[in-house]
Every structure is written in structure tokens, then in C-alpha cells.
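Reviewing the structure listed below.
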Amino acid sequence: KKTTALSKLMNAFCQRQGMSQQGVRFLFDGERLNGNQTPAEARRAAPLELPASSSAAPASRPPRSLALRAHSPSATPQMDMEDGDVIDVMVEQLGGAC
Amino acid sequence: MHPAALFAASWRQKRSSFDAGYGGAPPKRRKVLNSAWGFRNMLSSGGLLDDRENAASLINLRGGAMAPVPEPPAFDYDHVFRSRPAPAPASLAAAAAATASWGEAVPRTAAPACTPLGARSPAALRASGAAAAASPGFTPLPAGLARSPLAASRPSAAATSASTASASAAFAAAPAFAARTAEQRAALAAAEHRKRVDARATAAAKAVARQRIEERLRQVSLEEARQRQLGELAEDASQRCRRAVAAGEAAVRRVEALHAALLLCGAAEAEAEAEAEAQSMSEAVAAELLPAARAAVEAAEEGAGLFRVEAAGGCEGEVAAHEAALEQSRTSISLAEARLDEAEAGLAALREAAEAAAAAAEQEFFEPDADDVLDENFPPGRRRFEPRQLTEAEEARLPAPPARAAVSEILQPGNPAEKLFEINNTPITRKDIATLKPLEWLNDEVINCFVELLRQHASEAEQAGEPLPKVHIFSSLFYTKLAESPEYTYGNVRRWTKRAKVDLFSRDLVIVPINQGNTHWTLGLINLRQKRFEFIDSMHGSDGGRLAVLRRYLKDEHQDKKGAPLDLGEDWVDISYTAADGTPRQTNGFDCGMFMSRTAEYLVRDAVLDFTQADMPNLRRRMVFELSQKALTD
């Protein structure tokens with residue numbers, strides 16, 4: 001829903017994927033999303049649904065990236081987000097040279 | 001004298017003497033009357049009759065009764081004559097005056113009846129008798145005479161006889177008492193008549209006086225008119241005099257002006273004369289002075305000649321001195337030249353030394369033909385950047401946990417999930433910041449927050465017009481999303497530049513932090529200014545096909561945003577820097593994140609990549625400081 005904080009979605013995703021929220025980053029078009037934001041604030045209005053199956057989520061290791069797809073038949077046209085807009089879910093990156 | 005006048009005068013004289021009470025001798029020429037008078041005188045002296053009684057008796061004798069006194073004719077002269085008071089001595093003078101006036105008036109009335117005196121015709125006598133009867137002051141006797149029938153037909157002799165007869169008859173017949181009353185009555189009537197006559201005389205006198213006054217007034221008015229005329233004449237004369245005076249004054253003024261002009265002329269003449277005199281005098285003086293001046297000039301010429309001679313003598317000595325000095329200076333010049341040569345030689349030596357030193361210095365920083373390397377292979381960056389050490393104050397000044405804890409405190413262990421601060425929606429937790437501790441691997445949160453600071457710095461510098469390259473820095477998640485989800489997918493990042501509102505093709509540098517296998521951080525670089533795809537690895541490893549990914553992405557981005565394929569051709573080269581290129585190299589197994597982020601910082605600052613492994617501890621602390629301050633520091 002428009003006014004639902006994204007943190008609800010993020011929590012649901014992390015629970016389903018069995019990941020720590022601190023280990024994932026939610027991005028839309030390259031911009032970081034804050035859990036306190038709502039879809040309206042993020043300039044999107046369509047309710048988001050978690051994908052039924054996350055193909056890019058191997059059970060053993062956390063995926064490098066996941067995609068949340070929005071499936072909303074009632075997306076309002078004036079909003080940035082349209083059906084099929086994707087919230088990128090990135091996992092933590094580390095590096096220090098092997 | 002007129003006979004009537006003569007008659008009246010004589011009569012008057014006689015009457016006056018009679019009134020005065022002495023009976024003088026009667027006039028010779030009137031014998032008849034004299035007789036009457038003589039008779040009367042006799043009566044009165046006998047004491048029988050007074051005047052009045054006499055008269056009244058006479059009348060009574062004639063008429064037998066009291067006849068009313070007849071009114072005197074309306075004749076001006078009558079009453080004048082009769083108004084004389086009978087017994088007054090002053091009446092003489094009055095009678096004389098009246099006679100004078102009467103005498104004048106007589107000819108008017110009596111003239112027609114007048115005849116020559118000598119003729120004595122009865123008519124003339126009658127007329128004179130009538131005149132005598134009509135004359136005032138006349139006792140009624142003549143009137144009675146005139147009325148008597150006898151007197152009308154006879155001359156005066158007859159009248160005289162008649163009256164004499166009647167008088168004698170009355171004397172003889174009338175009783176005395178009756179005569180007396182009649183006489184009294186007659187006297188009263190006479191007195192009344194006299195009163196009336198007196199009033200008439202007074203009125204006449206008043207009229208005369210009025211006439212005289214009028215005449216006098218007339219004379220006065222005439223006099224006044226004359227005076228007025230005289231005054232007008234005098235005024236006219238005075239005006240004329242005034243005019244004359246004015247004219248005279250004007251004339252005087254004119255004369256004065258002329259006089260002044262004359263004076264001026266005289267002065268001018270005097271001046272001219274004085275001038276002429278002065279000129280002549282000056283000429284004389286000049287004539288006197290001229291010889292002296294000539295003498296002076298001659299003397300001066302003479303002196304000048306002498307001086308010239310003297311000067312010529314002195315100059316020769318000076319010239320000799322100058323020549324000597326010139327010789328000296330020439331020698332000194334040659335000495336100076338010699339010294340100059342020496343100095344130049346020394347300078348050349350110094351220059352060579354300096355050049356050698358400079359070349360040596362350059363060789364210390366760059367490999368041989370460093371210019372070419374910079375142009376061809378060396379990563380961009382033209383300046384020197386010396387990241388300073390944090391001061392102790394700064395180290396201590398980072399208070400206010402959790403957001404602004406001191407670096408040391410921030411780096412202390414604690415709840416890993418504690419959010420210390422947030423930059424552009426990216427929260428930095430204690431766990432994240434802990435990756436900046438020595439020996440730790442940096443995670444994407446720290447690196448992306450630092451990338452955010454770099455973006456701020458670059459945009460601020462660009463807005464301030466600083467001569468820095470125009471850069472765009474992607475998040476560390478960009479490359480992963482582009483190339484490893486799970487393979488190259490341009491669509492994953494197609495909208496990133498749109499969301500960031502950036503046109504890559506307007507940039508000089510596009511910096512792409514790359515996380516390699518979640519174990520290593522490297523930096524990809526799209527150098528649009530120099531048309532290069534560069535790969536900077538602190539381990540100097542191979543790019544592993546990542547430059548090809550960037551090349552492909554650039555083409556896709558151009559196709560997507562510009563709607564046209566981008567021909568990168570032969571101009572665009574891939575460069576993976578190696579140890580030979582001198583890019584900073586890590587000597588441990590944990591600082592690659594630091595090297596990568598600092599390389600990005602140096603590129604943003606357009607600085608030469610000359611930091612080393614030794615700078616890393618400071619740069620780690622600086623990064624903590626900068627992230628907590630949310631801004632880069634010097």
C-alpha cells in the first residue's frame with residue numbers, strides 16, 4: 001500500500017530469505033531505500049508483492065542480488081513505478097584482497 | 001438862481017427869523033407879505049396870538065369853519081421841507097441840507113412852468129404861486145389863498161388884499177375862546193401830520209441809506225472783482241516767473257555741463273601735454289643713457305672675450321683629466337667583463353646542476369618518459385594531494401555518540417547493529433564502521449557512503465567552477481547489478497543514470513567501484529576525456545573482462561539514452577595498470593577497499609596517485625572522521 005513503510009516489506013523479505021536485514025540493501029533504480037520510507041515517499045504507489053519464488057536464492061549461500069517485482073494491477077499511472085518495477089535487493093559486499 | 005428857489009430861500013429866512021421870536025425887518029421885495037407879517041408881529045407882540053393861534057385864526061377867517069388840513073401833494077420835496085422842527089436852532093442846518101436837495105430837484109418839476117424872470121406874466125406868477133402853495137412847511141394860508149375865488153383870477157396882489165381883508169374881519173368878529181379850541185385842534189392835526197411826515201422822512205432816509213449801502217456794496221463787489229482780476233494777473237505773472245526760473249536753471253545746468261566739458265578738455269590737454277613732456281624727457285634720458293648702455297655692452301663684450309680666453313685655458317686641463325678617467329674606466333670595464341664571464345660560467349654550471357637535479361627529481365616520481373606514460377597509460381590526475389594527519393583535537397572532537405563519537409570511540413566494539421549515522425538513506429552501523437578498523441575488510445556500506453561524499457564534493461566543486469574533471473561515481477552495487485545478476489544485463493541498470501539525472505556522455509570520468517567476488521575491491525574507469533577504459537587494481541591484477549563490460553555498457557547506454565549506436569572504434573583503449581605503471585599498490589591483504597576508495601577520491605580531486613601503503617592507517621581514520629562529518633576533509 002502506498003502508506004505502508006517499506007521496512008515491513010524488507011522484514012518480510014529477509015524473514016523469507018532467512019537473511020539479516022543488515023546484510024541486504026534495497027535499491028530502486030540505483031538509489032538506496034530506507035525502511036522508514038513509504039512507497040509514496042519513494043514515489044511509487046503500487047503495493048508490492050514478494051515474488052513467489054526467488055530463483056536467485058540458493059539455499060546454501062545468500063544470493064548476490066535479488067529482485068522484488070511489483071505486481072499491481074491497480075498501479076496509478078502518474079506514479080513513477082509501474083507494473084514490473086523492480087526493487088533491487090543486494091547483499092553485503094566485502095573486499096580486502098585475498 | 002431859480003426864481004422859485006430864490007423865493008423859497010427868502011421865505012425860509014423870513015420864517016426862521018419869525019420862529020426865533022424876533023421880528024426883523026421884512027424883505028423889501030415882498031411888501032404885501034411884509035404887511036401881513038407886520039400885522040402878525042403886531043399881534044404876537046401884543047400877546048394876543050401865538051403862532052398857532054394866528055394861523056388857525058387865519059383859516060377860520062377864510063372859511064368860517066375848521067377846514068381839514070389838505071394833504072400835501074405827493075411830492076418828495078414837500079415833506080423834507082416840512083419836517084423841519086419849528087423852534088429848534090438845529091433846524092437851520094437841517095433846512096440848509098433840505099434846501100440843497102430841494103434845489104436840485106426843483107428843475108424837474110418846476111421847469112415846465114418856468115418862464116423868464118423878467119416877464120412876470122400872470123401865468124408865471126400863478127405857477128409860482130401854485131408852487132409856493134404846494135411847497136411844504138407852508139402854512140395853510142397859501143392854500144387858502146389858492147382856493148379863494150379871488151386868487152384864481154387875480155395876481156398875488158389880489159390874494160394879498162383878500163387875506164388881509166379876511167384877517168382883519170376875523171380879528172374883529174370871532175370870539176377868543178372858540179378861536180382858541182380851533183387853534184388847538186389845528187395844532188393837534190398839524191402835530192399828527194408832522195409825525196406822519198417824520199415817518200415818511202425816516203423811511204426816505206432809510207431808503208437813501210439803503211441806496212447808499214447798495215451803492216457801497218456795488219462798489220465793494222466791483223472792488224472785489226478788480227482785486228480778483230489783479231490776483232489772477234499776479235498768479236499768471238508768478239507762473240511765468242516760475243517758468244522763466246526753470247528755464248534759467250536748465251540754462252544754468254547746461255552752462256555747468258559745458259563748463260565741466262571744458263574742464264575735461266582742459267584736463268585732457270594737460271594730460272597730453274604732460275605725456276608729451278614725459279616723452280621728451282624720457283627721450284632725453286634715453287639719449288643720455290644710450291652711450292652708457294653702449295659702454296656697458298662694450299664692457300660686457302670685452303669681459304666675455306676675456307672669459308672666453310680663460311675658459312679655453314681651463315677646458316684643456318679638464319679634457320686631460322677626463323681622458324685619464326676614461327682610460328681608468330676602460331680598464332675597469334675590461335676587468336668587469338672578465339668577472340662577468342666568470343659569473344656566467346658559474347651560472348651555467350649551476351643551471352646544469354639544477355636541471356640535473358630536476359631531472360633526478362622527476363625520475364624519482366615518474367618512470368622515464370613520464371609524460372608519455374601519463375598521456376597513454378597513467379591514470380588521470382595532475383595534482384599533488386597530501387592527505388593530512390588528523391589532529392588530536394579532531395580525534396577527540398568527534399564526540400556525541402553515536403553519530404559523532406570520536407574516531408577511537410566509534411571504532412570501539414559495541415552493538416554491531418547500532419546505527420551511528422546515515423548518509424543518503426544508507427545507514428552506517430557500528431558493524432559497518434568497524435570495517436574501517438585496521439586489518440579489516442571494508443564493506444559496501446562504508447564505501448558507498450564515501451562515494452556519496454565524493455559525489456557531494458564533485459558537484460560542489462563543479463558548481464563552484466573549480467577546474468576539476470566532471471565525474472560521475474556509481475555505487476558499488478552498480479557493477480554487480482550490471483554484470484553479475486547473474487550475467488551482463490543492461491536492463492538492470494538502465495534507469496540508474498536517469499534516476500540520478502546524469503548524462504554520462506557529458507562527463508570526463510565515470511568511476512565504477514567494483515567488488516570482485518566479495519573478496520576484492522577494484523576500480524573501473526570510463527575515461528571519456530581521454531577515450532580510455534581503465535582498470536586500477538591495488539594488486540595490479542588483470543581486469544578479467546571487466547573493461548569489456550564497461551565498454552559494452554557505454555555502448556548500450558549511448559544507444560538507450562542517445563538513441564544511436566556509439567562507435568568506440570580504435571580510439572578507445574583498455575588500460576589495466578600494472579606495477580610498472582606505478583599506481584599505488586597494497587602490500588597486505590586487507591587494504592584494497594581503502595586503496596580503491598582513495599583512488600576514487602584522488603581522481604575526483606584530479607590528484608596524482610602517489611599515496612602508498614604507509615598512508616593507509618591515517619586514511620582509515622580520516623575516513624571515519626569524514627563519514628562522521630559527512631564531508632571530505634583536506
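Numbered from 1 within each chain, the chains take letters A, B, ... in sequence-line order. Note that these values count all heavy atoms, side chains included, but never hydrogens, waters or copies made by symmetry.
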By a 4.5 Å heavy-atom criterion (distance strictly below it), what part of [X] contacts chain A: side chain, backbone, both, or neither?
X	value
B/Glu422	side chain
B/Asn424	backbone
B/Lys498	neither

(request) State which residues pass side chain to side chain contact (heavy atoms under 4.5 Å, CB included) with B/Glu462; sequence neighbours excluded, sorted by chain then number. (result)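 Side chain to side chain contact (heavy atoms under 4.5 Å, CB included) check on B/Glu462 returns B/Lys470, B/Arg507.
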Atom pair [atom1]/[atom2] of [X] and [Y] - distance to nearest 0.5 Å:
X	Y	atom1	atom2	result
B/Phe590	A/Leu94	CZ	CG	15.0 Å
A/Gln93	B/Asn448	CD	CG	7.0 Å
A/Met90	B/Ser476	CE	OG	7.5 Å
A/Asp88	B/Thr480	CG	OG1	11.0 Å
B/Leu477	A/Leu27	CG	CG	5.0 Å

(request) Could you have a look at B/Ala417, B/Pro427, B/Ser538, B/Ala500 and say which one has the most heavy-atom pairs with chain A under 4.5 angstrom? (result)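 With the most close heavy-atom pairs to chain A, the winner is B/Ala417.
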(message) Any salt bridge linking A/Arg32 with B/Glu452? Criterion: basic side-chain nitrogen under 4.0 Å from a carboxylate oxygen.
(response) no
(message) I'd like to check A/Glu31 versus B/Asn425 (side-chain heavy atoms, cut-off strictly below 4.5 Å). Are they in contact?
(response)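 A/Glu31 vs B/Asn425: side chains apart.
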(message) Tell me the closest heavy-atom pair linking B/Gln586 and A/Gly96, and the distance in Å.
(response)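 Shortest heavy-atom separation between B/Gln586 and A/Gly96 comes out as NE2-O, 3.7 Å.
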(message) Tell me the closest heavy-atom pair linking B/Pro416 and A/Gln22, and the distance in Å.
(response) O-OE1, 4.0 Å
(request) Under the salt bridge (charged side-chain N to carboxylate O under 4.0 Å, His left out) rule, collect the residues that match up with B/Asp560, sequence neighbours excluded. (result) none
(message) Under the side chain to side chain donor-acceptor pair (under 3.5 Å) test against A/Glu92, which residue among B/Asn443, B/Thr435, B/Asn515 passes?
(response) B/Asn443
